[in-house]
Amino acid sequence: MRQDDDAALASGTTSDGWFTRLRRSLLARLGNTGLVLGTLFFAASLTPSLTPRITVAQAVLSGMCLAAGYGLGVLLRWLWGYLELPLPGPAGQPRRRRIAVVACVVIAALALWRSQHWENIVRELMHLAPAGPSRILGVLAGAAVVALLLVVLGRIALMIIKAVMRLVTRKVPRRIAHVVGAIAGVLLLVGLVNGVILSSLLDTLDASYRQADALIPPDMPPPTEWDSPGSAQSLVAWNQLGRMGRRYVDARPTADELAAYAGPGAKAPLRVYAGLPTGDTPEERAQLALEELKRVGGFERKALIIITPTGTGWVDPSGIDSIEYLYRGDVASVAVQYSYLSSPLTLFLDPDTGGVTARALFREVYGYWRTLPPERRPKLYLHGLSLGALNSERSFEMFELLGEPFDGAVWSGPPFAASKWAELTRSRNPGSPVWLPQFQDGSFVRFMNQDGSSTPPGTPWGPMRVVYLQYGSDAVTFFDRHGFFREPELLDAPRPPDVSPAMRWYPVVTMMQMAMDTSLSMSAPMGFGHVYAPSHYINAWLEVTGIDDWSPEDVARLQRHLDERRAEELSKDGGEETVDG
């Protein structure tokens, strides 16, 4: 009778030829232990998490969870046998097999039947249309393909490791050979993946992003206004701004557009941007940005915003439009590009350049700003979204600001790797939730979400005001690297208003769900996930700037206008601008 493949995988020798061994290893019957645990993982993957999942995303997630559970089951059964603990004999294997298969079919069927309801819980919370029943078949088929592919790849990897172990066994004692061979096999696999597969993939992505960054659409001619980067008078050429820089500069509102909501006397805001081609080093690009900022009169406005963009150089329109309207256009902003790759790739391939660039720009602008008489210089603020928030945090040290602090910062969607945000969150006042902490007396830093701040109204600010704008449903912010073996604090009571009460923690699976949520967070509807709404930015900027010459009615009217306009933009471009994260 054929043995369970758990035992077969642990076997290292056979008298059959290599092709027969390869075929048997790849096509070996799935083991009962791995099959049951994999099915449980599959069922758990269908339960709600932070973000709605399209069919393809759910199929990939469920397939990965199924394969992970199967692999863990195989490992646990092998470890049980390796420790020489009692195992059931071969006599009852057919019966155990039938029971395992029937149990797995029932569990998977019930989970798939409930999956539409679980998905619609999250979709209803975010005001989305319910998912259709055809989603179930798509998830089942896609997950099966993904899981099968991963299991086959896992068996190939295991075969390579075992082959290395057999080679080592000829030279050293068996137990030493198993340890040395396993380590050598893993290192060989890592080398193949990193040196061949991953390197080729990254080279392809690098070339693709570089070409996209240089592309200038025919319907986007250089600006004619003298105070715009890329104009004939500018120090920065139009073709050196980069794709996201050109969008940012081209989209600045006119004085008439602002006057419709801000009243008479509004002026066109100033937007300065330096793309990667403008200098060979971050310092050169920062110096050029400062000179361009001085050329257009940026230090003569009421407020000046130092923006750190995301990976591709994208600046969130919701964040900058809000402050420009609130200041009735009497504001300048400056940003420097540090990459043309998406934020996850930038963080993986070049995690330091963003911080170096943000620090270089802050040093140039802040250094010049300090030389101006206090009564004549503008209010100085910092802003960044996601990776921009992380790098903006890194642009200064607190001891550098003791004499003359800047006025404040709005950092939205800080990623879980943002060290200052994480430290402030850990040091929150007892009893305040992780998703909306209170830090000390609220005079220095406050946290806000869709419903505002947890700090009581009227609480006085200190000389520098910092606001973190964050949504509980934003996995980029609340991904927990320890979620593999412990329940994330985000799921403690009380929960955020935008997180489903039906979400549960499952070892391994919940971390995989939240990892998938990070990649889907920019596809969430505006006001959820990683898509921050202008109306919430307005509330954050009002806290930081202390602007009080807008009536509550006018603020509400502006919030509706910017929300509607941004929602229309997102619908029109299919979220193209927000895929960077």
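Hydrogens, waters and symmetry mates are skipped; everything else that's a heavy atom, side chains included, is used.
- The aromatic ring centroids of F396 and Y366 lie 6.0 Å or more from each other.
- With respect to K420 and E393, no salt bridge is recorded, no charged nitrogen being found less than 4.0 Å from a carboxylate O.
- Remark: K379 NZ is loosely packed, at most 12 non-hydrogen atoms of other residues, nucleotides or ligands lying under 6.0 Å away.
- Checking side-chain atoms of R252 against main-chain N and O of P269 turns up a donor-acceptor pair under 3.5 Å.
- A donor-acceptor pair is defined here as one N or O able to donate and one able to accept, closer than 3.5 Å; such a pair exists between the side chain of S551 and the backbone of D554.
- The backbone N or O of G275 sits less than 3.5 Å from a side-chain atom of T278, completing a donor-acceptor pair.
- Judged by distance alone, the side chains of W461 and E543 do bring a donor and an acceptor atom under 3.5 Å apart.
- Between V531 and S521 the shortest heavy-atom distance is CG2-O, 3.8 Å.
- Contact between F416 and T477 at its shortest, heavy atoms only, is CB-O, 3.4 Å.
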TODO: Give the intermediate values and the outcome of side chain to side chain contact (heavy atoms under 4.5 Å, CB included) for residues W541 and V410.
DONE: CA-CA 7 Å; W541 280 120; V410 170; 3.6 Å; yes
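- The shortest distance between side-chain heavy atoms of V499 and L50 falls below 4.5 Å.
- Annotation for R446 and P460: closest pair NH2-O, 3.4 Å, computed over non-hydrogen atoms.
- The distance from the OG atom of S473 to the CE atom of M503 is 11.0 Å, given to the nearest 0.5 Å.
- The backbone N or O of N429 lies less than 3.5 Å from a partner atom in the side chain of S432, making a donor-acceptor pair.
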TODO: Evaluate the criterion side chain to side chain contact (heavy atoms under 4.5 Å, CB included) for residue pair E291 and Y368; output intermediate values, then yes/no.
DONE: CA-CA 10 Å; E291 293 305 316; Y368 181 78; over 6 Å; no
Open item on the list: side chain to side chain contact (heavy atoms under 4.5 Å, CB included) for W369 and F362? Distances and angles first, verdict last.
Closed with: CA-CA 10 Å; W369 176 81; F362 178 81; over 6 Å; no
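- With contacts defined as side-chain heavy-atom distances shorter than 4.5 Å, the pair Y327/R301 does not qualify.
- Residues D441 and S443 bring a donor and an acceptor atom of their side chains to less than 3.5 Å of each other.
- Between atom NE2 of residue H536 and atom CD of residue Q470 there is a gap of 13.5 Å, rounded to the nearest 0.5 Å.
- Interatomic distance, Q450 CD to L436 CG, rounded to the nearest 0.5 Å: 9.5 Å.
- At least one side-chain heavy atom of Q233 sits under 4.5 Å from a side-chain heavy atom of R295.
- Using a 4.5 Å cut-off on side-chain heavy atoms (C-beta onward), Y325 and P534 make no contact.
- With hydrogens and angles disregarded, a donor-acceptor distance shorter than 3.5 Å links the side chain of S395 to the backbone of S392.
- Side-chain N or O atoms of Q337 include none that pairs as donor or acceptor with a backbone N or O of G313 at under 3.5 Å.
- Contact check for L424 versus P437: no side-chain heavy atoms found under the 4.5 Å cut-off.
- In this structure, F528 has its ring center no closer than 6.0 Å to that of Y471.
- Remark: the backbone N or O of L61 is not paired with any side-chain donor or acceptor of R53 at under 3.5 angstrom.
- To the nearest 0.5 Å, atom CD1 of residue I306 and atom OH of residue Y381 are 12.5 Å apart.
- In terms of heavy-atom proximity, S500 sits nearest to I121 at OG-CG2, 3.1 Å.
- Of all non-hydrogen atoms in Q438 and T455, the two that sit nearest each other are NE2-N, 4.3 Å.
- Here R359 contributes atom CZ and E364 contributes atom CD; the two are 11.5 Å apart, rounded to the nearest 0.5 Å.
- In the model, E292 has a side-chain atom that pairs as donor or acceptor with a side-chain atom of S234 under 3.5 Å.
- T47 places none of its side-chain heavy atoms less than 4.5 Å from the side chain of R504.
- A salt bridge between K267 and D227 is absent, with no side-chain N of the basic residue lying under 4.0 Å from a carboxylate O of the acidic one.
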- [ ] Take V315 and M244, measure what side chain to side chain contact (heavy atoms under 4.5 Å, CB included) needs, and give me the verdict at the end.
- [x] CA-CA 8 Å; V315 175; M244 293 303 179; over 6 Å; no
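- Y468 and T425 are not linked by any side-chain donor-acceptor pair at a separation below 3.5 angstrom, with hydrogens and angles left out of the test.
- Residues A289 and A274 come closest through the heavy atom pair CB-CB, 4.2 Å.
- Listed for the N120 side chain is a donor-acceptor partner under 3.5 Å among the backbone atoms of A131.
- Heavy-atom contacts from other residues, nucleotides or ligands closer than 6.0 Å to CD of E124 number 12 or fewer.
- A 4.5 Å side-chain heavy-atom check between W435 and E489 finds every atom pair outside the cut-off.
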- [ ] Decide yes or no on salt bridge (Lys or Arg N to Asp or Glu O under 4.0 Å) for R123 and E119, but give the supporting numbers first.
- [x] CA-CA 6 Å; R123 297 181 70 86; E119 171 67 14; 3.7 Å; yes
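- One distance of note links CZ of R426 with CH2 of W421; it measures 9.0 Å at 0.5 Å rounding.
- Using modelled atom types and a 3.5 Å distance limit, the side chains of T308 and N391 yield no donor-acceptor pair.
- Side-chain atoms of T510 come within 3.5 Å of backbone N or O of Y506 as a donor-acceptor pair.
- Using a 4.0 Å cut-off between charged side-chain N and carboxylate O, D321 and R565 make a salt bridge.
- With hydrogens and angles ignored, the 3.5 Å screen pairs a side-chain donor or acceptor of D563 with a backbone N or O of S535.
- A ring-ring contact (aromatic ring centres under 6.0 Å, His included) with H383 is found for exactly one of W411, Y537, Y532, namely Y537.
- Under the 4.5 Å side-chain criterion, counting only non-hydrogen atoms from C-beta, V365 is not in contact with F406.
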